[in-house]
Trainee: 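I'd like to ask you about the structure that follows.
Computed over heavy atoms, backbone and side chain alike; hydrogens, waters and symmetry mates excluded. All chains are named by letter (A, B, ...) in the order of the sequence lines, taking the proteins before the strands, and each is independently numbered beginning at 1.
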Amino acid sequence: MKRTKIKGILKSDATDYKVNVKGWVRSFRNNQFIALNDGSCMGNIQVVIELGADEALLKRITTGASISVDGTVIASLGKGQKVEVKADSVTILGDCDTEQYPLQLKNKPSLEYLREIAHLRFRTNTFGAIFRVRHSLAYAVHKFYNDRGFVYLHTPIVTASDAEGAGEMFRVSTLPFDNPPRNEDGTIDFKEDFFGRCTNLTVSGQLEAELGAMAFSEVYTFGPTFRAENSNTARHLAEFWMIEPEVAFNDIHDNMDLAEDFIRYLIAYVMEHNKEDLEFLAQRLADEEKQKPMNERSELGLVEKLEFVVNNKFERITYTEAIDILLNSAHYKKKKFQYDVSWGIDLQSEHERYLVEKHFKKPVIVTGYPKDIKAFYMRQNDDGKTVAAMDILAPGIGEIVGGSQRDERLDKLTQRMNEMHIPTDEMYWYLDTRRFGTVPHAGFGLGFERMVLFVTGMGNIRDVIPFPRTPKNAEF
RNA sequence: UCUUCCUUAGCUCAGUUGGUUAGAGCAUCUGACUGUUAAUCAGAGGGUCCCCCGUUCAAGUCGGGGAGGGAGAGCCA
């Protein structure tokens with residue numbers, strides 16, 4: 001008999017039909033009631049076994065075991081669920097030794113412990129919800145751009161470009177570690193390497209995406225990126241996924257509109273399609289908040305927070321305005337900032353948090369940063385001091401989007417590259433876009449895991465990617 | 001990388017000024033019960049107190065070093 005997904009059975013009120021269900025036992029009560037989960041949704045189906053069933057079989061129905069059940073969907077005789085499956089036969093697909101299985105429903109293992117058994121944590125309610133939401137977000141990313149006529153461009157994972165300046169890189173090489181070929185001056189001779197040059201894992205697909213935008217007008221990338229920085233925080237991963245749209249003919253304002261629409265769309269999509277998961281995650285967050293002292297608790301629940309973001313425009317301010325707000329704040333006057341504020345500084349976490357969480361209490365888009373703290377490709381404004389950059393800051397997680405209008409003027413761009421010691425000859429392919437039919441264009445990068453963090457209300461980025469890669473950790 | 005906190009049973013945690021045989025809840029096992037919903041009830045087993053060195057008659061407890069983890073910070077998405 002063909003398997004029926006548990007989600008489908010629970011969704012419907014229909015009864016008195018035969019089904020086959022397969023899944024993993026979450027709990028087995030009274031030698032009679034199995035809570036069975038197949039990952040298709042949050043909920044378990046209750047499988048009821050007739051009293052007096054074979055005892056050897058009953059012994060093997062343990063938490064974590066996988067089983068196949070043939071039976072009839074009936075209106076539940078007990079309270080707590082609408083329907084249940086009255087079993088005609090139960091087959092053990094895979095035994096699970098309870099003495100060794102680390103997940104027991106009634107235990108409340110910490111997120112840190114579950115991280116150590118990341119290969120099994122999908123079987124918990126929390127991680128089931130998180131990764132169903134993650135999936136929905138990924139799907140919504142593609143749907144958003146596809147519906148708007150963007151071309152999904154696959155930018156390379158292995159790159160030779162080292163001029164992106166986005167961070168430390170992981171080297172890709174097949175040269176022997178112990179005795180690599182060397183040049184006369186002692187440096188490693190990468191001409192002998194697999195690609196005949198020094199290569200790394202990509203830190204961003206942006207530059208390549210720009211090449212695509214110069215033909216398709218609208219492109220986006222969505223893929224893994226790698227940063228070899230020794231960042232030990234709840235917001236950084238060495239391997240993470242990033243979405244980078246790039247649009248020809250867009251200026252910085254179009255770029256902001258796109259980013260804002262995009263974020264709102266993603267949240268709305270999940271709110272519509274993962275209601276149950278979000279409600280569970282909201283409850284989890286609420287329980288966690290109860291552990292905190294009153295003054296540290298957030299004012300809004302998870303669902304309310306997401307609704308708020310969907311229903312309210314993001315605040316848009318310039319960097320200069322942001323600095324003024326900070327300088328005029330009581331917080332600053334009482335000298336409560338650890339880092340001083342003045343025009344030209346890179347905004348520190350505490351400054352961003354003040355703007356987003358205290359002052360505006362909503363996502364904020366900051367534009368017009370000083371050129372000296374931003375990347376070479378950002379379009380220089382006429383004031384000679386700032387660039388058409390934009391960052392979107394979100395409550396709780398800080399920078400979720402970084403983007404800009406790109407400088408389409410060959411002379412300005414090469415001048416800036418020279419100032420910043422970026423080799424223009426190696427970047428000929430990038431500069432060709434400015435030589436051959438250049439157009440104004442803009443784009444941004446959105447850190448996918450940070451988006452998942454925001455939507456799920458989780459606190460640590462390691463809990464929203466299946467197998468986190470961080471300094472000193474590449475298990476599984 | 002810096003600051004700070006933590007590491008005791010499978011999990012979550014107590015453990016008093018250093019002092020007999022290191023505890024609890026849950027999980028697990030055995031039995032009872034049987035329309036349960038974190039089932040319930042009775043009983044049992046389960047420990048390299050993270051590692052090393054030191055102080056002491058005596059160290060889970062004090063000191064030094066190391067490892068791992070959390071939370072902040074820097075870097076960034």
Trainee: Between B:C62 and B:G19, how many Å separate the two P atoms, rounded to a whole number?
Mentor: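 About 11 Å, rounded to a whole number of Å.
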Trainee: A:K472 has an atom NZ; how far is it from atom C1' of B:U1, in whole Å?
Mentor: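 A:K472 atom NZ is separated from B:U1 atom C1' by 11 Å.
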Trainee: Taking the six-membered ring of A:Y265 as reference, does the cationic atom of A:R148 (NZ for Lys, CZ for Arg) lie under 6.0 Å from its centre and within 45° of its axis?
Mentor: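 Here A:R148 passes the 6.0 Å and 45° test against A:Y265.
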Trainee: For A:F170, is the NZ or CZ atom of A:R227 found under 6.0 angstrom from the centre of its six-membered ring and inside 45 degrees of the ring axis?
Mentor: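 No, A:R227 does not sit over the ring of A:F170.
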Trainee: Does A:F454 have A:K305 sitting over its ring (NZ/CZ under 6.0 Å from centre, angle to axis within 45°)?
Mentor: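 Verdict for A:F454: a cation-pi partner in A:K305.
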Trainee: Rounded to whole angstrom units, what separation is found between the CD atom of A:E116 and the P atom of B:C50?
Mentor: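 Going from A:E116 (CD) to B:C50 (P), I get 15 Å.
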Trainee: Check whether any side-chain N or O of A:N37 sits under 3.5 Å from a backbone N or O of A:R26 as a donor-acceptor pair, and report yes or no.
Mentor: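 It does not hold such a pair.
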Trainee: If only side-chain N and O atoms count, and only distance matters, is there a donor-acceptor pair under 3.5 Å linking A:Q206 with A:E210?
Mentor: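 Checked: A:E210/A:Q206 side chains pair up, N/O donor to acceptor below 3.5 Å.
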Trainee: Quick one: sort the A:F127 and A:F131 rings into parallel, tilted or perpendicular, breaks at 30° and 60°.
Mentor: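 Answer is parallel, since the angle falls under 30°.
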Trainee: Figure out the NE2/P separation between A:H351 and B:C75, and round it to whole Å.
Mentor: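 The answer, rounded to whole Å, is 11 Å.
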Trainee: Looking only at atom types and distance, does a side-chain atom of A:T199 sit under 3.5 Å from a main-chain N or O of A:V172, one as donor and one as acceptor?
Mentor: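 Indeed, once roles are kept as given, a pair shorter than 3.5 Å links the two residues.
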Trainee: Send over the distance from A:I34 CD1 to B:A39 P, rounded to a whole Å.
Mentor: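 That distance rounds to 14 Å.
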Trainee: Does A:K86 have more than 12 heavy atoms from other residues, nucleotides or ligands lying within 6.0 Å of its NZ?
Mentor: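 12 or below, so no.
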Trainee: Would you check if there is a donor-acceptor pair between the side chains of A:D346 and A:Y369 at a distance under 3.5 Å?
Mentor: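 No donor-acceptor contact under 3.5 Å links the two side chains.
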Trainee: Nearest whole angstrom, please: distance from the C1' of B:G68 to the CD of A:E475.
Mentor: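 My rounded result for the distance is 13 Å.
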Trainee: A:R462 near the nucleic acid: base, sugar-phosphate alone, or nothing, with a heavy-atom cut-off under 4.0 Å?
Mentor: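 Sugar-phosphate, backbone atoms only, no base.
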Trainee: Could you give the distance separating B:G70 and B:U8 at their P atoms, to the nearest angstrom?
Mentor: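 About 15 Å, rounded to a whole number of Å.
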Trainee: For A:Y139, does the OH atom have more than 12 heavy-atom neighbours from other residues, nucleotides or ligands under 6.0 Å away?
Mentor: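 Counting other residues, nucleotides and ligands, OH of A:Y139 stays at 12 neighbours or fewer.
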Trainee: Could you check how far CD of A:Q348 sits from P of B:A73, rounded to whole Å?
Mentor: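 Atom-to-atom, A:Q348 to B:A73, this comes out as 10 Å.
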Trainee: On a whole-Å scale, what distance lies between the P atoms belonging to B:U21 and B:C49?
Mentor: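 Taking atom P in both B:U21 and B:C49, they lie 15 Å apart.
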Trainee: Please evaluate the base of B:C75 for a donor-acceptor partner in the side chain of A:S231 within a cut-off of under 3.5 Å?
Mentor: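 Yes.
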Trainee: Considering heavy-atom distances to RNA chain B, does A:I400 or A:N473 have its closest nucleotide positioned more toward the 5' end?
Mentor: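 Closest to the 5' end, via its nearest nucleotide, is A:N473.
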Trainee: Taking a pair as Watson-Crick (N1 to N3 plus N6-O4 or O6-N4) or G-U wobble (N1-O2 and O6-N3), both under 3.5 Å, which stems of 3 or more consecutive pairs involve RNA chain B?
Mentor: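 Detected stem regions: B:1-7 with B:67-73, B:10-13 with B:23-26, B:28-32 with B:40-44, B:50-54 with B:62-66.
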Trainee: Can you tell me the distance, in whole Å, between the CD atom of A:E399 and the C1' atom of B:A73?
Mentor: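 Rounded to the whole Å, the gap is 16 Å.
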Trainee: Given B:U1, B:C76, B:G70, which nucleotide is nearest the side-chain atoms of A:N230?
Mentor: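 Shortest atom-to-atom distance from the side chain points to B:U1.
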Trainee: Does A:K7, at its NZ atom, have more than 12 non-hydrogen atoms belonging to other residues, nucleotides or ligands within less than 6.0 Å?
Mentor: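 Open.
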Trainee: How does protein contact run along nucleotides 31-37 of chain B, one letter per nucleotide 5' to 3', with B for base contact, S for sugar-phosphate only, - for none, heavy atoms under 4.0 Å?
Mentor: S--BBBB
Trainee: Expressed as a whole number of angstroms, how long is the span from A:F337:CZ to B:G72:P?
Mentor: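 A:F337 atom CZ is separated from B:G72 atom P by 18 Å.
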Trainee: Can a side chain N or O of A:Q104 be found less than 4.0 Å away from OP1 or OP2 on B:C26?
Mentor: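 The answer is no; no side-chain N or O of A:Q104 sits under 4.0 Å from OP1 or OP2.
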Trainee: Going by atom types alone, do A:R284 and A:N125 pair a side-chain donor with an acceptor below 3.5 Å?
Mentor: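 No pair is found: no donor N or O on one side chain lies under 3.5 Å from an acceptor on the other.
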Trainee: Please determine if a side-chain N or O atom of A:N232 lies less than 4.0 Å away from the OP1 or OP2 oxygen of B:C2.
Mentor: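 Checking B:C2 against A:N232, no side-chain N or O comes under 4.0 Å of OP1 or OP2.
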Trainee: Taking the C1' atom in each of B:A24 and B:U3, what is the distance between them to the nearest angstrom?
Mentor: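 Here B:A24 and B:U3 have their C1' atoms 35 Å from each other.
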Trainee: With a 4.0 Å cut-off on heavy atoms, is A:Y339 in touch with a base, just the backbone sugar-phosphate, or nothing at all?
Mentor: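 Sugar-phosphate: the residue A:Y339, judged by heavy atoms under 4.0 Å, touches backbone atoms but no base.
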Trainee: Pick the C1' atom in B:U30 and in B:G45, then give their distance to the nearest Å.
Mentor: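 To the nearest whole Å, 10 Å.
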Trainee: In whole Å, measure the gap between the P atoms of B:A44 and B:G25 for me.
Mentor: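 It works out to 12 Å between them.
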Trainee: Please confirm whether the ring centroid of A:F28 lies under 6.0 Å from the ring centroid of A:F33.
Mentor: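 For A:F28 and A:F33, the ring centres are not under 6.0 Å apart.
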Trainee: In whole Å, measure the gap between the P atoms of B:U7 and B:A14 for me.
Mentor: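 Roughly 8 Å separates the two P atoms.
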Trainee: Does anything in residues 93-103 of chain A come within less than 4.0 Å of RNA chain B? Heavy atoms only, and list the residues if so.
Mentor: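 Correct list: A:T98, A:E99.
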Trainee: If you measure from the C1' atom in B:U4 to the same atom in B:C76, how many Å do you get, rounded?
Mentor: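 Going atom to atom, C1' in each nucleotide, I get 23 Å.
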Trainee: Remember a base hit wins even if backbone is also touched, and classify A:L237 as base, sugar-phosphate or nothing at under 4.0 Å, heavy atoms.
Mentor: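 Base contact.
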